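Model, not experiment: these values are computed from the prediction. Heavy-atom basis, side chains included; hydrogens, waters and symmetry copies ignored. Chain letters run A, B, ... following the sequence lines, proteins first and then strands; every chain starts at 1.
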2 protein chains.
Amino acid sequence: MREPQRRSDCPISYALDLFGDKWSLLVMRDILFREKAHYREFLASEERIATNILADRLSRLEAAGLISKTDEEPRSGKQAYVVTRKGQDLIPVLLEMMLWSARYDPHTGAPAVLIAELKKDRAKVVRGIRRAGGVEPFLRTL
Amino acid sequence: MREPQRRSDCPISYALDLFGDKWSLLVMRDILFREKAHYREFLASEERIATNILADRLSRLEAAGLISKTDEEPRSGKQAYVVTRKGQDLIPVLLEMMLWSARYDPHTGAPAVLIAELKKDRAKVVRGIRRAGGVEPFLRTL
DNA sequence: CCGGATCCGTTTCGATACTG
DNA sequence: CAGTATCGAAACGGATCCGG
């Protein structure tokens, strides 16, 4: 497993050490907005993460305290990943990133519903995701 | 130069293709919060980016329309990078990321001033950075 | 089946030296 | 000053293998 090393004392570098790669934030998107919980489900994302990379990212995210592993059904060997409070607090970051992408990505349109909701009551949207885990259909496309 | 290729139609993947590495967001931090404009200034950051990586990231960010290069002083060969509107619109993303880092990074304390300002009037803070480019001293530590 | 670990070829990174 | 060139090291990606 890759052990990230801090490169500076600037606060943002803590996030960059964790998320400065192609996959970590995608895993967090899956668990936060798409209710994914099992290894197989992450693997099935359209971005096609490799098995070894996924295993590495899951264990790094767990080591950093953003997710935690639970033995859902010990006899079948089935495990589930759940997001922690620290992980949930990443929701605003992902939302801002998604808003920026939606505005400038020539490839996808901006999800007008979400933008309107955010403008109306930002904190409420964050709370909704935190509780429901992306149950609202428009969130699942992020 | 590395040409990023889109991996999915999910809007957030546009941002991840651009920023899914250790350096791109650091360059944007430098230009947005620390008023850096010249190649050597970026090089001087404490994270010690290599010259070839910096050149690559600058040209990618320029190709993506987040910064643009101007001939500040044509006869001395001195060039300056300036941030575009599209690049400035990344400020909220960086701010959220910094807030999250500050909250959870055991290594740095949270900049209380900024947190208070953001809670009071988020849009005003963003406008301030947009105009002044990190002139406020507390921004330079981000 | 499920959740990985291992192996291995390819891509990217990073440090230093060098150049227009 | 603002980058290239080079080269070893690290990370990635795909395929396959393994233990429960």
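- Salt bridge annotation for A:Glu62-A:Arg57: absent, with no cationic side-chain nitrogen under 4.0 angstrom from a carboxylate oxygen.
- A straight line from CG of B:Asp21 to P of C:dT11 spans 18 Å, rounded to a whole angstrom.
- Atom pair B:Leu54:CG and C:dT16:C1' shows a separation of 16 Å (rounding to whole Å applied).
- Distance NZ (B:Lys22) to C1' (D:dA10): 10 Å, rounded to an integer number of Å.
- Remark: A:Arg29 does not engage A:Glu35 in a salt bridge, criterion side-chain N to carboxylate O under 4.0 Å.
- Atom-to-atom, CG of A:Leu43 to C1' of C:dG3 comes out at 9 Å; the value is rounded to the nearest Å.
- For B:Ile53 and D:dT6, the CD1 to P distance is 16 Å, given to the nearest whole Å.
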Let's go through B:Leu95 and B:Ile129 carefully: what are the C-alpha distance in whole Å and the side-chain angles of both, what is the deciding distance for side chain to side chain contact (heavy atoms under 4.5 Å, CB included) to 0.1 Å, and is it a yes or a no? CA-CA 10 Å; B:Leu95 282 179; B:Ile129 299 172; 4.1 Å; yes

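- Between B:Asp17 and A:Lys22 there is no salt bridge, since no side-chain N of the basic residue sits under 4.0 Å from a carboxylate O of the acidic one.
- Between B:Leu26 atom CG and C:dG14 atom P the separation is 11 Å, expressed in whole Å.
- Applying the 4.0 Å criterion to OP1 and OP2 of D:dA2, one finds that B:Tyr81 has every side-chain N and O outside that range.
- Of the candidates C:dG3, D:dG13, D:dC1, the closest approach to any side-chain atom of B:Arg40 belongs to D:dC1.
- The side chain to side chain contact (heavy atoms under 4.5 Å, CB included) test with A:Ile67 is passed by exactly one of A:Thr84, A:Ile31, A:Leu32: A:Ile31.
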Protein-nucleic acid N or O pairs under 3.5 Å, nucleotides 18-20 of chain C:
none

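- Contact annotation: B:Arg57 reaches the phosphate of C:dC13 (side-chain N/O to OP1 or OP2, under 4.0 Å).
- For the residue pair A:Lys36 and A:Ser45, a side-chain donor N or O sits within less than 3.5 Å of a side-chain acceptor on the partner.
- Contact annotation for B:Phe42: no contact, since no heavy-atom pair falls under 4.0 Å across all strands.
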Show the distances under 3.5 angstrom between N or O atoms of the protein and N or O atoms of nucleotides 5-8 of chain C.
unit_1: C:dA5; atom_1: N6; unit_2: A:Thr51; atom_2: OG1; d: 2.7

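- To the nearest angstrom, C1' of C:dG4 lies 15 Å from NE2 of A:His38.
- The ring of B:Trp23 has its center no closer than 6.0 angstrom to the ring center of B:Phe42.
- Contact annotation: A:Trp23 reaches the phosphate of D:dG13 (side-chain N/O to OP1 or OP2, under 4.0 Å).
- Looking at heavy atoms from C-beta onward, A:Met98 lies out of side-chain contact with A:Phe33 at the 4.5 angstrom threshold.
- A salt bridge does not link A:Glu117 with A:Arg127: every distance from a Lys NZ or Arg NE/NH1/NH2 to an Asp or Glu carboxylate oxygen is 4.0 Å or more.
- Following rounding to the nearest Å, A:Asp17 (CG) and C:dC13 (P) show an atom-to-atom distance of 15 Å.
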